[in-house]
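Positions are given from 1, in the same order as the sequence printed here. Below, each value reflects all heavy atoms present in this structure, side chains not excepted, and no hydrogens, waters or symmetry copies.
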Amino acid sequence: MDNNKTNGQPVGLFADKALKDEPHVGYVNAAPTASTQTHATEESNDLTVHAGKKTTIASGEALKLAVVGHTNTGKTSILRTLLRDVYFGEVKNEAATTRHVEQAKLTDSQTGEDLVILYDTPGLEDASGLMDWLEDNTASRRDGIERLQQFLAADIAQGGDALTSSGGNDDYSQEAKVIRQLLASDMAIYVVDAREPVLGKYKDELAILSWAAIPVMPVFNFTDSQDANIDEWQTMLARRNLHISTRFDSVAFEFEDEMRLWQNLATMLTHSEMLEQLMARRTEDWAQLYDEANIIIADFLLNVAAFVHEINEDDDPMPILAQMQEAVRQSERAMQHNLLNLYKFYDNAVAATPLELQAYQQDPFDPELLKSYGIRTTSGAAAGALLGLGIDAAALGTTLGLGAAIGGIAGGLLSNTSSIADKITGVKRLYIDPATLTLLATRAIDLLTALRHRGHAATDATQLLYKGEKTNIEQALDDDGHTVTPWPTHKLPSELKKARGKPQWSSLSSGKSEQAQLLRADMAWSLASKLQSRESE
């Protein structure tokens with residue numbers, strides 16, 4: 001049985017207000033976790049916006065939350081970021097992209113329980129015109145719900161054939177979809193493009209929304225823009241008794257902003273158990289994502305640190321060095337895409353990812369990139385200067401000569417005393433340079449930081465950096481211009497030092513991916529903890 005209707009009629013809070021059913025596009029089981037989300041694109045003739053008989057939020061049913069606002073303010077973008085899903089809805093830099101109400105659910109990742117049902121609505125295109133109609137055709141003595149009901153019953157709310165047959169020219173069918181959904185919801189958030197000036201049309205929108213007799217909370221989008229007019233907006237909102245608002249930028253995302261959004265909504269409810277449950281679960285899930293991301297980075301660094309190639313004394317090392325470089329490049333790309341997938345930036349044809357920024361497109365073995373990060377070897381020369389390839393010279397004692405090798409070890413330039421034994425056995429071992437390992441770690445941490453502070457609504461790479469924002473390389477420098485790396489180049493973490501003597505830990509050396517990963521698993525957990533502690537400093 002359809003729990004959204006009783007005998008063909010919608011039920012729920014103010015159910016009598018939704019006078020006309022209309023097609024609805026559903027988006028189901030959008031859990032706030034790293035799990036795959038399920039899409040539903042069924043069209044029906046019923047307004048499926050009610051979840052059973054509802055008298056209070058405390059009944060244990062999901063909160064029905066309408067997302068409303070003017071056209072092109074970023075309603076769908078905000079939903080994409082809340083859902084962590086670049087595929088929800090359609091985002092374009094043009095007005096009225098959303099033409100129908102679309103539904104999504106935030107569920108408890110542990111129990112599967114629906115906590116919040118979100119409704120993405122079409123943009124309010126002409127609230128001022130609608131307000132004029134309401135003033136001319138409805139009695140001011142009637143309450144707001146009655147006036148909105150009268151509008152929904154009028155031909156101008158139907159559009160299409162109904163409007164043509166009545167001989168009218170004004171089509172408010174899009175506004176009708178918004179109002180119909182608003183009247184069937186428990187609460188609404190009114191999305192404001194913070195870059196927009198306060199205009200009369202927005203005041204009319206808020207007046208119409210207030211007539212629905214449900215709590216409405218303004219949400220400021222694009223707040224990181226230099227053109228934000230938040231103070232002016234807040235003054236106008238206060239004059240309309242809207243004193244609770246929040247900031248939630250769908251591009252420059254902050255998890256604390258999301259929590260504040262839910263907290264502010266909770267203060268407007270008599271019973272807020274579902275929102276409190278949502279906040280607790282999302283906080284746990286966000287922390288778990290961070291743990292998993294650091295494990296991915298730590299595992300990658302150990303895999304590279306353990307990477308070793310042995311060649312005969314008389315062999316030319318350059319071809320092998322080139323092969324090792326390419327293997328590390330591919331391994332870094334795989335790590336980066338694992339992070340992207342973890343945070344659901346899995347299709348940059350839909351939304352831009354931080355990888356499209358120049359800092360991530362540079363070759364990790366480019367000496368100029370190392371210099372730009374200020375990363376240097378213990379000898380003070382730029383990393384890779386010995387070979388120009390970012391490969392550790394520690395094992396090249398046979399090429400440098402035994403005396404040079406011993407001197408290098410004593411001076412800290414060469415990192416592995418096995419080079420002396422290699423001289424005797426006639427074997428040269430090639431490793432990845434500690435400075436390159438430090439650079440790879442810094443870039444990985446930068447990427448993780450970028451993913452944790454980016455919403456799912458950026459449609460091109462230019463949106464990833466607002467005017468005046470620092471680039472990733474600039475973020476790697478402190479106020480005095482000194483490098484901020486997870487560790488000094490000459491002081492690799494003990495886990496990476498140990499990996500240098502464990503070639504069996506590296507799939508790049510052995511080709512046995514699963515076995516190598518199991519061997520370094522404990523060290524990955526240990527290194528991940530150190531990465532987190534350094535990132536929080």
Self-check item: Heavy-atom check, side chain of V219 versus side chain of V192, under 4.5 Å
Solution: no
Practice problem: Please name all residues satisfying side-chain hydrogen bond (donor to acceptor under 3.5 Å, both in side chains) with Q517, sequence neighbours left out, ordered by chain then number. | Solution: none
Quiz item: Quick one: side chain to side chain contact (heavy atoms under 4.5 Å, CB included) partners of E113, sequence neighbours excluded?
Solution: D108, T111, L115, M274, Q277
Quiz item: Could you give the distance from CE (M236) to CG (N229), rounded to the nearest 0.5 Å?
Solution: 11.5 Å
Quiz item: Under 3.5 Å, is there a donor-acceptor pair between the E125 and Y172 side chains?
Solution: no
Quiz item: Taking the side chain as C-beta and beyond, is there a heavy-atom pair between W262 and L82 under 4.5 Å?
Solution: yes
Self-check item: side-chain contact (heavy atoms from CB on, under 4.5 Å) between K177 and T121, worked out
Solution: CA-CA 7 Å; K177 293 176 183 178; T121 64; over 6 Å; no
Quiz item: Would you say L340 and L451 make side-chain contact, with heavy atoms under 4.5 Å?
Solution: yes
Exercise. Would you check if there is a donor-acceptor pair between the side chains of T107 and D114 at a distance under 3.5 Å?
Key: no
Practice problem: Quick one: list whatever passes side chain to side chain contact (heavy atoms under 4.5 Å, CB included) with T138, sequence neighbours left out. | Solution: W133, L134, R147, Q150
Practice problem: Mind listing the closest non-hydrogen atom pair of P215 and M268 along with its distance? | Solution: CB-CE, 3.7 Å
Exercise. I would like to know whether V216 and M187 meet side-chain contact (heavy atoms from CB on, under 4.5 Å); could you show each step before the answer?
Key: CA-CA 6 Å; V216 176; M187 304 183 74; over 6 Å; no
Quiz item: Do H243 and L237 come close enough that some side-chain heavy atom pair is under 4.5 Å?
Solution: no
Practice problem: Sequence neighbours left out, what passes side-chain hydrogen bond (donor to acceptor under 3.5 Å, both in side chains) with E284? Give chain and number order. | Solution: R281
Exercise. Only counting residues at least two apart or in another chain, list the ones meeting ring-ring contact (aromatic ring centres under 6.0 Å, His included) with Y190.
Key: none
Quiz item: Is there side-chain contact between F255 and R452, with at least one heavy-atom pair below 4.5 Å?
Solution: no
Quiz item: What salt bridge (Lys or Arg N to Asp or Glu O under 4.0 Å) pairs are there with at least one residue in residues 197-219, not counting sequence neighbours?
Solution: none
Quiz item: Looking at R520 and S507, what are the two nearest heavy atoms and their distance?
Solution: NH1-N, 4.1 Å
Quiz item: S526 side chain to D522 main-chain N or O, any donor-acceptor pair under 3.5 Å?
Solution: no
Exercise. Name all residues meeting the salt bridge (charged side-chain N to carboxylate O under 4.0 Å, His left out) criterion together with E146; count only those two or more places apart in sequence or in a different chain, and write none if there are none.
Key: R142
Quiz prompt | Shortest non-hydrogen contact from F300 toward S331 | solution = CD1-OG, 3.4 Å
Self-check item: Separation of N294 CG from L289 CG (nearest 0.5 Å)
Solution: 11.5 Å
Quiz item: Applying salt bridge (Lys or Arg N to Asp or Glu O under 4.0 Å), which residue pairs with at least one partner in residues 254-271 are found, sequence neighbours left out?
Solution: R84-E258, D257-R260, E258-R282
Self-check item: With I230 via side chain to side chain contact (heavy atoms under 4.5 Å, CB included) - residues at least two apart
Solution: A194, F220, T223, A228, Q234, R247
Practice problem: Specify the closest pair of heavy atoms between I244 and P218, including all atoms of both residues, with the distance to one decimal. | Solution: O-CD, 3.4 Å
Exercise. Check the side chains of Q532 and D291 for a donor-acceptor pair under 3.5 angstrom, ignoring hydrogens and angles.
Key: yes
Self-check item: From CA spacing to verdict: side-chain contact (heavy atoms from CB on, under 4.5 Å), L118, K105
Solution: CA-CA 6 Å; L118 298 159; K105 295 179 180 179; over 6 Å; no
Quiz prompt | Flag side-chain contact, heavy atom, 4.5 Å: P486 against I445 | solution = yes
Quiz item: Taking all atoms of both residues into account, what is the closest heavy-atom pair of M335 and A444, and its distance?
Solution: CE-CB, 3.7 Å
Quiz prompt | L124 side, atom CG; H70 side, atom NE2 - distance, nearest 0.5 Å | solution = 8.0 Å
Quiz prompt | Minimum-distance pair of heavy atoms, taken over all atoms of I117 and A62 | solution = CG1-CB, 3.8 Å
Practice problem: To the nearest 0.5 Å, tell me how far L182 CG sits from W211 CH2. | Solution: 13.0 Å
Quiz item: Just how far is it from atom CG of N264 to atom CD1 of I189, taken to the nearest 0.5 Å?
Solution: 11.5 Å
Practice problem: Not counting sequence neighbours, which residues clear side-chain hydrogen bond (donor to acceptor under 3.5 Å, both in side chains) with Q330? List them please. | Solution: E326
Exercise. Answer whether the closest heavy-atom distance between the side chains of I179 and L152 falls below 4.5 Å.
Key: yes
Quiz item: Between CG of D126 and OG1 of T71, what distance do you get to the nearest 0.5 Å?
Solution: 10.0 Å
Quiz prompt | Donor-acceptor contact present, side-chain D299 to main-chain I295, <3.5 Å | solution = no
Exercise. Taking the side chain as every heavy atom from C-beta outward, state whether I214 and D186 have any pair of such atoms under 4.5 Å apart.
Key: no
Self-check item: Contacts of N221 that satisfy side-chain hydrogen bond (donor to acceptor under 3.5 Å, both in side chains) - sequence neighbours left out
Solution: S250
Practice problem: Taking the six-membered ring for Trp and the full ring for Phe, Tyr or His, determine whether the centres of F253 and W286 are under 6.0 Å apart. | Solution: yes
Quiz prompt | Residue list, side chain to side chain contact (heavy atoms under 4.5 Å, CB included) with A293, at least two apart or on another chain | solution = L339, L342, Y343, L448
Quiz item: Under 3.5 Å, is there a donor-acceptor pair between the S185 and Q181 side chains?
Solution: yes
Quiz prompt | Heavy atoms from other residues, nucleotides or ligands near CD of E514 exceed 12 (cutoff 6.0 Å) | solution = no
